[in-house]
Amino acid sequence: MIDGVYKVSFPIHGDEKGSLIAIEGNKNIDFTIERVYYIFDTSPNVVRGKHAHRDLKQLLICMHGSCDILMDNGLERETITLTGPDKGLYISGFVWREMSNFSQDCVLMVLASKKFDTADYVYDYDEVLQSALQARVGGERGAM
Ligand code: T46
């Protein structure tokens, strides 16, 4: 997968009463949870996101239904289908993301490492490309 991105499976505590999943900051995930938001009632033909974050770690969980998450760091692009309340997608780093193909019943919950800050959003994909190219050139120079 793209650097700084990985899938997580959470253990389900199940008994005769049903199922329960617990997520603790700095235990199951490597950040303190500063914010929780969730996305629902999104039409299947809508594409959300279309931005990167400068400094934010997030854990995305489809509590209900499913949706597709595209991630792109300027060098690699990958799309995964997120479904199941025990499956998470961790995204950190300067990664462009788009969410699409929402099922009618999709509830996408996001745990975030920082409070909402519009200054952290980058809506210009070229900036992600430029950053990837600069990192690659820097890496090649370092290897000389
Ligand atoms: C991300 C993807 C996965 C707030 O007031 N507080 C918040 O914490 C957030 C996240 C949003 N908002 C407001 C800002 C907009 O007026 O809610 C509205 C919709 O937000 P946005 O268009 O940014 O939603 P998405 O689905 O395009 O992106 C969101 C997150 O913003 C973003 O950080 O990574 O989900």
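Atoms within a ligand are numbered from 1 in the order they appear, just like the ligands themselves.
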Checklist entry - Is there a donor in the side chain of D86 and an acceptor in the side chain of S9, or the other way round, less than 3.5 Å apart? => result no
Item to check | Contact atoms of ligand 1, heavy-atom distance to I39 under 4.0 Å | outcome: 26 (O), 35 (O)
Checklist entry - Which of the numbered atoms in ligand 1 are below 4.0 angstrom from a heavy atom of M99? => result 2 (C), 3 (C), 26 (O), 35 (O)
Item to check | Ligand-residue contact atoms, ligand 1 with Q58, heavy atoms, under 4.0 Å | outcome: 1 (C), 33 (O), 34 (O)
Next on the checklist: So for ligand 1, is V110 a polar contact partner (N or O within less than 3.5 Å, distance only)?
Outcome noted: no
Item to check | Heavy-atom protein neighbour under 4.0 angstrom from atom 17 (O) of ligand 1 | outcome: no
Item to check | D120 (side chain) donor-acceptor with D55 (main chain) under 3.5 angstrom | outcome: yes
Item to check | Any N/O pair R48/ligand 1 closer than 3.5 Å | outcome: yes
Item to check | Close side-chain approach of E127 and F94, heavy atoms under 4.5 Å | outcome: yes
Checklist entry - Quick one: does atom 28 (O) of ligand 1 have a protein heavy atom under 4.0 Å from it? => result yes
Checklist entry - Does the pair R77/E98 count as a salt bridge with the N-to-O cut at 4.0 Å? => result no
Checklist entry - Who's closest to atom 4 (C) of ligand 1 heavy-atom-wise, of F116, Y121, Y38, Y37? => result F116
Item to check | Those atoms of ligand 1 less than 4.0 Å from some heavy atom in G49 | outcome: 25 (P), 27 (O)
Checklist entry - Is there a donor-acceptor contact under 3.5 Å from the side chain of S66 to the main chain of S103? => result no
Checklist entry - Among protein heavy atoms, which sits nearest to atom 10 (C) of ligand 1, and what does the distance come to when rounded to 0.1 Å? => result R35 NH1, 3.4 Å
Item to check | Interfacing atoms of ligand 1 (cut-off 4.0 Å, heavy-atom, H51) | outcome: 1 (C), 28 (O), 32 (C), 33 (O), 34 (O)
Checklist entry - Distance-only, no hydrogens or angles: does the T81 side chain make a donor-acceptor pair with backbone N or O of D68 under 3.5 Å? => result no
Checklist outcome for this item: Closest non-hydrogen contact found for C67 with F102 is CB-CD2, 3.7 Å
Checklist entry - What part of H53 sits under 4.0 Å from ligand 1 if we count only heavy atoms: the side chain, the backbone, both or neither? => result side chain
Next on the checklist: Given I61, which partner from the list V107, I23, V8 fulfils the side-chain contact (heavy atoms from CB on, under 4.5 Å) test?
Outcome noted: I23
Checklist entry - Is atom 35 (O) of ligand 1 less than 4.0 angstrom from some protein heavy atom? => result yes
Checklist entry - Considering all protein heavy atoms, does one lie under 4.0 Å from atom 2 (C) of ligand 1? => result yes
Checklist outcome for this item: Between L56 and A112 the two heavy atoms that sit nearest each other are CD1-CB, 4.2 Å
Next on the checklist: Less than 4.5 Å apart, side chain to side chain, heavy atoms only: is that true for L89 and M71?
Outcome noted: yes
Next on the checklist: Please list, in number order, the atoms of ligand 1 under 4.0 Å from a heavy atom of R97.
Outcome noted: 34 (O)
